[in-house]
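Structure, as structure tokens:
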Amino acid sequence: MNKLLAYYHDVLRIRLIEEAIATRYSDQQMRCPTHLSIGQEAAAVGVSRSLRVTDNVYSSHRAHAHYLAKGGSLKALIAELYGKQDGCTGGRGGSMHLTDLDAGFIASTAIVGNSIPLAVGNALHQQVQRLDHITVTYFGDGATEEGSFYEAANFAALKQLPVLFVCENNRFSVYSPMTVRQPSGRSIVELSRAIGLRAEEVDGNDVEAVHKASETLVDKVRKGEGPALLECHTYRHREHCGPNFDDQLGYRAPEEVEQWMQRDPVTQLHNKLVSAGVDESRLVLLKQQIEDEIYEAFAFAKASSTPNPDYNDRYLYA
Amino acid sequence: MNKLLAYYHDVLRIRLIEEAIATRYSDQQMRCPTHLSIGQEAAAVGVSRSLRVTDNVYSSHRAHAHYLAKGGSLKALIAELYGKQDGCTGGRGGSMHLTDLDAGFIASTAIVGNSIPLAVGNALHQQVQRLDHITVTYFGDGATEEGSFYEAANFAALKQLPVLFVCENNRFSVYSPMTVRQPSGRSIVELSRAIGLRAEEVDGNDVEAVHKASETLVDKVRKGEGPALLECHTYRHREHCGPNFDDQLGYRAPEEVEQWMQRDPVTQLHNKLVSAGVDESRLVLLKQQIEDEIYEAFAFAKASSTPNPDYNDRYLYA
Amino acid sequence: MTGTYMPESPNNTTFREQLNLAQHAAMEADKSMLSFGLGISDPKAIFGTTANLAESFGSHRVFDMPTSENAMTGIGIGAAIAGSRVLMTHQRMDFFLLAMDQLVNNAAKWHYMFNGQMKVPLTIRLIVGRGWGQGPTHAQNLQSWFAHVPGLKVVVPSKTDAVASQLYSAIMDDNPVIFIEHRWLHEQQCGSTSVLPLQSPHESVRVHRQGADCTIVANSFMVLEALIAADFLQHRGINVEVVETVSLEQSEWQKIYDSVEKTGRLLVCDSAHGHFSVASEVVSSVTEQCFKALTEAPRRLCLPPYPEPTSYYLTKPFYRNANDIVAAVAEMMGVKVAGGIELDVSTPHDVPGNWFKGPF
Amino acid sequence: MTGTYMPESPNNTTFREQLNLAQHAAMEADKSMLSFGLGISDPKAIFGTTANLAESFGSHRVFDMPTSENAMTGIGIGAAIAGSRVLMTHQRMDFFLLAMDQLVNNAAKWHYMFNGQMKVPLTIRLIVGRGWGQGPTHAQNLQSWFAHVPGLKVVVPSKTDAVASQLYSAIMDDNPVIFIEHRWLHEQQCGSTSVLPLQSPHESVRVHRQGADCTIVANSFMVLEALIAADFLQHRGINVEVVETVSLEQSEWQKIYDSVEKTGRLLVCDSAHGHFSVASEVVSSVTEQCFKALTEAPRRLCLPPYPEPTSYYLTKPFYRNANDIVAAVAEMMGVKVAGGIELDVSTPHDVPGNWFKGPF
Ligand SMILES: Cc1ncc(C[n+]2csc(CCOP(=O)(O)OP(=O)(O)O)c2C)c(N)n1
Ligand SMILES: Cc1ncc(C[n+]2csc(CCOP(=O)(O)OP(=O)(O)O)c2C)c(N)n1
Ligand SMILES: [Mg+2]
Ligand SMILES: [Mg+2]
């Protein structure tokens, strides 16, 4: 029950943050391409609950959930979206280049598939230095089409590196369905096994299932039993990039959308808690607390000073 | 028996050509990096016997056998090695960039893995134009480590293109054994299946087995049943690049070398023919004919005029 | 032509529509032509530029692709060698960095290294991003890389009247052509000039405006800034010549040399970083060809040597605009020019116009 | 130091030995350092330059790799970000084209786009081939590409006395450094100069020879040709200044400008194609900085704008040599120089010396 509540808190928190961003995006003050995680929160929460602060995470363009679930600063995220001084990169990277080193969230990058080798390199460092830490690399189904995924996975398997690949398969790359990108019958899990990864798949909207599956894999990865991959089947609710719903464009079957909406991780957890007899008022309170935190974060971001372009040439070289 | 003799002729011919190149290489008149096919002839011969002239072939840096087996001009090959006007690219490409369009041998390239997508593109053209032709792409075990192989195979499977991937697995990439490049337990065939190719493996030194396996696959590929891969297990006898034996360097176990030498395709065929009662004198005659052809080709190459560097800027643009 | 944007009056047409029209015409004219790219047939159709192509010509000729830029480029090259005419499109040039091996080691060299026996009729559209937080990896213009590689042609459009014929002739060219489109040009109206016929002969250099005082060489979005600056300067009695390098091929730049012979002054406005760049080549070619005619040291106005930061507040000084051009010309002429161009303050500096609402 | 080539007299040492020595010293000095590349620990050890490294420091720190240039570069970057110091080696620059995304979108921008919070201590050795039929795809030098990208440092060694300290300081640099080695330099003896200590401060520009008549700017193998030409010219009464651009960073080129201020003449000898190149940047930077001092139009001596053909007979005119430099200087000076340098006719034009027997 406490566990369920904790899951609920984490998943709902990301959801509410993303929704707050979506609501305010049309104010045109968050001026950068922004890929929301709405609908896909459970994967990030489930995986992160298997990790330690000292473990490291890399992610892709759709990184908010991974960053937040790993403990990345909410204030620094929002300030970053506003392009402010207190943003996690001082406004240089925007939504697609997040970092919070204290939380072990190393970085996200904007080029599909290109942070996967970085994560494997991070794991190489961990192995050579005999650290007890592991690395997680999040990416989408589209990223598995990049040679960088394949080459990096091969090397991770060759060297038995402490890295967990997490593929959030949301069925789409922008508007493109699987059918135009991967052969019918493709299984990312079987492919990964053939490359040499221990691989499992899981209902990515079921936070408990994700947590359990990732815990088992993380344990083996940490013990030096080699790299693993977890495929989380999930769905994004809104447009690929930006704050809106876009199902009026007709690129996804309404029944498919409907079906996935019913499997929404927030609703699922909410229902479970209610069935388990948790008092609604407790959930309302929890939500209120999160909303307060979000309110503060936005206030912080708006109050944060604007970065000074006179220093634009700083940090070109270390 | 006639079939055996035909195999023997083709395999021996490539062997003798390559040996002739090796013998003359130290004269320093073939001034280009040259990767000999000695030991690996059976794969090229077996596969080529399943193809039509109108089928197309792409290959890699180690292309002599593929070019010759597909019907590429011997004279143009030798003249090319000598950097002469009558070379198949007039001296521009050298050993690593062969072509004979009349024979359907489109091209070989020098960058590991980078002709694989070209071959898949060739097959795309064949499919869109509804041609009855197929494409073969030859490459080594090392090339399967390149993302270009993976990405190209994925697309071929997605579109069900008429392309046969032929991987000559000779256990080495230059001096590097599998152990430093691919995880233990890797099966190229299983990997290819997981990508979506119909895949088989075969004793690459047994020309009959290669022929049979490739015939089955080529048939399916031509019928539009999708792309396939044939892995031929084989071994190179000499150094990676250049004319010499190099086992004194100790990078391969002497027992391994010994074992593979016993499986030499030429010896195997020779023994089979002798066991089948073919008269030795017939084999001697056949060898003599090949040697005459080779002698002529070298004479042709040496007599060929030198290309004129004044025209170096021709054909930069079509 | 089927399914093409056909503006009622050609002057009403936009850059985007012209790009679309050229593709429809090419697909129609050459039945062997294939066209592919990420999202090419999705609802947004690459900012509308590929609208209706798949519908008109079928998904065997116009198709979306896996996120596999490297192999897909090789596949385009292989199909082109085999006899297809191929067009590929990338939403950002930055993504195309994955495909440099195929481009440089295969496409650029194929015709040459096989001694003219094969050719590669391949055009690659690369879109350059800017503003609205595109940031370090969605706003690069590496045009000088392509221009440095023998065997590639590089075409950089800027004006709506010519862009359709430029794309059409790139597609119909039997060589690999890199076609570099600036995202901010897509909604540019044609204005009062009339659209060039699709089959117009390709002009490597376009002289947009005559003037005896200073030669401004620009391409891509900087042509628009240069024309604004030229207008302003004319009212102050300074007549600049605005010369556009449509092709990045210095052997075709005679018109630039002619211009500098006349003006004695050169200002190069590059839409990329200035060091080891297209601007460097313009300056050095002009210096070699017109040394005696030059009365002043040539100048470059380019992007500063650091990546585009993401934040609205940080991009403000990143791009050069018409006022910077005015100031540079004034300095070179040794005169003071009073006032500045009144920039449209209703449009934030990081968007091309109020039609742009993000996010991409 | 363990297992290093240690020549009896430093003057007897070669470029290759110095490269090896620098790597041994760096591995020794920084225990976090990793080194990998195709064939790095094989019997040929990258032309001997990586000999004994794996034996001395273990296969967990020095290792061969899969033929996966793109991901392996990313892995090097990721390890460097995590705290390893990383050296990668590629037998040919041409192979590294596969890794441009990782290099440009990640390595070059990382420190910048994460606002200085992380750094990438990564050095990438790229070897440039030439002759013996290296041909179109084994002889490219794309140095200007790297120089154009903000955030990368580019170091191009040419002389045995300095190469160890140059590689050592590249490795110890906390930024990504591209280290471009010409294959023909590997057996170069140190000669009479003494080897610089490993920790010598890095010199971006080296003035090898003083002279008042003309400035020759060169790098890589062209420095050797320039020095031969300078010798010859001196005996004909023409004193050229030979200036080497070790770093491709025009903000560090003051010594070049100083030289041209003195000589008034500039000849740039680039070891790559001349168009949109390093030579273009040298010419334009010098023109901007020293316009008044220039008495003649600057010149470039570079590779012609087509790929290196493979055939012995076709490469003859491809590379510029000391005689070409002499001719260019004579023309710029408006003088006739009698005779030519007697080239060593015992060595064919397509090999660096008779020690080279092919095939790679
Ligand atoms: C190399 C590259 N190609 C294309 C893009 C444009 N792009 C950005 S996100 C994206 C979709 C990737 O799909 P997936 O990996 O499944 O992630 P998702 O967006 O579904 O989370 C694409 C194609 C890019 N950023 N980088
Ligand atoms: C991209 C690239 N990396 C490295 C090389 C150097 N190289 C040439 S051949 C070769 C070995 C490739 O091994 P494999 O594919 O197994 O072919 P084999 O030589 O065994 O026939 C290598 C690494 C290259 N040419 N291209
Ligand atoms: Mg997806
Ligand atoms: Mg091999």
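Proteins come first, then strands; the chains are lettered A, B, ... in the order of their sequence lines, and each starts at number 1. Keep in mind that the numbers below use all heavy atoms, side chains included, and drop hydrogens, waters and symmetry copies.
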- Backbone N or O of A:D313 within a donor-acceptor pair of the D:Y112 side chain at under 3.5 Å? no

Minimum heavy-atom distance [X]-[Y], with the two atoms named:
X      : Y      : value
A:A107 : D:M118 : CB-CE, 4.5 Å
A:Y317 : D:E249 : OH-OE1, 4.0 Å
A:K159 : D:S59  : NZ-O, 4.3 Å
D:P66  : A:F155 : CD-CD1, 3.8 Å

- Sort D:T73 into side chain, backbone, both or neither according to what part of it lies under 4.5 angstrom from a heavy atom of chain A. neither

- Item | Contacting region of D:N175 [heavy-atom separation from chain A under 4.5 Å] | side chain

Using atom types as modelled, flag every donor-acceptor pair under 3.5 Å from a side chain in residues 143-151 of chain D to any protein atom, sequence neighbours excluded.
unit_1: D:Q143; atom_1: OE1; unit_2: D:N219; atom_2: ND2; d: 3.3
unit_1: D:Q143; atom_1: NE2; unit_2: D:D270; atom_2: OD1; d: 2.6
unit_1: D:W145; atom_1: NE1; unit_2: C:W145; atom_2: O; d: 3.2
unit_1: D:H148; atom_1: ND1; unit_2: C:H275; atom_2: O; d: 2.8
unit_1: D:H148; atom_1: ND1; unit_2: C:F276; atom_2: O; d: 3.2

- Note on the structure: Checking heavy-atom separations under 4.5 Å from chain A, one finds in residues 88-102 of chain D D:D101, D:Q102

- Value rounded to 0.5 Å, distance of CG in A:L158 from CZ in D:F63: 9.0 Å

- Item | Among the listed options A:L101, A:L98, A:L118, the residue most often paired with chain D at heavy-atom distances under 4.5 Å | A:L118

- Just do the side chain to side chain contact (heavy atoms under 4.5 Å, CB included) check on D:I75 and A:E151 with the steps written out, would you? CA-CA 10 Å; D:I75 287 165; A:E151 294 181 357; over 6 Å; no

- Evaluate the ring planes of A:Y58 and D:W110, with Trp represented by its six-membered ring, and classify them as parallel (under 30°), tilted (30 to 60°) or perpendicular (over 60°).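 Tilted, since the angle between the ring planes falls between 30° and 60°.
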
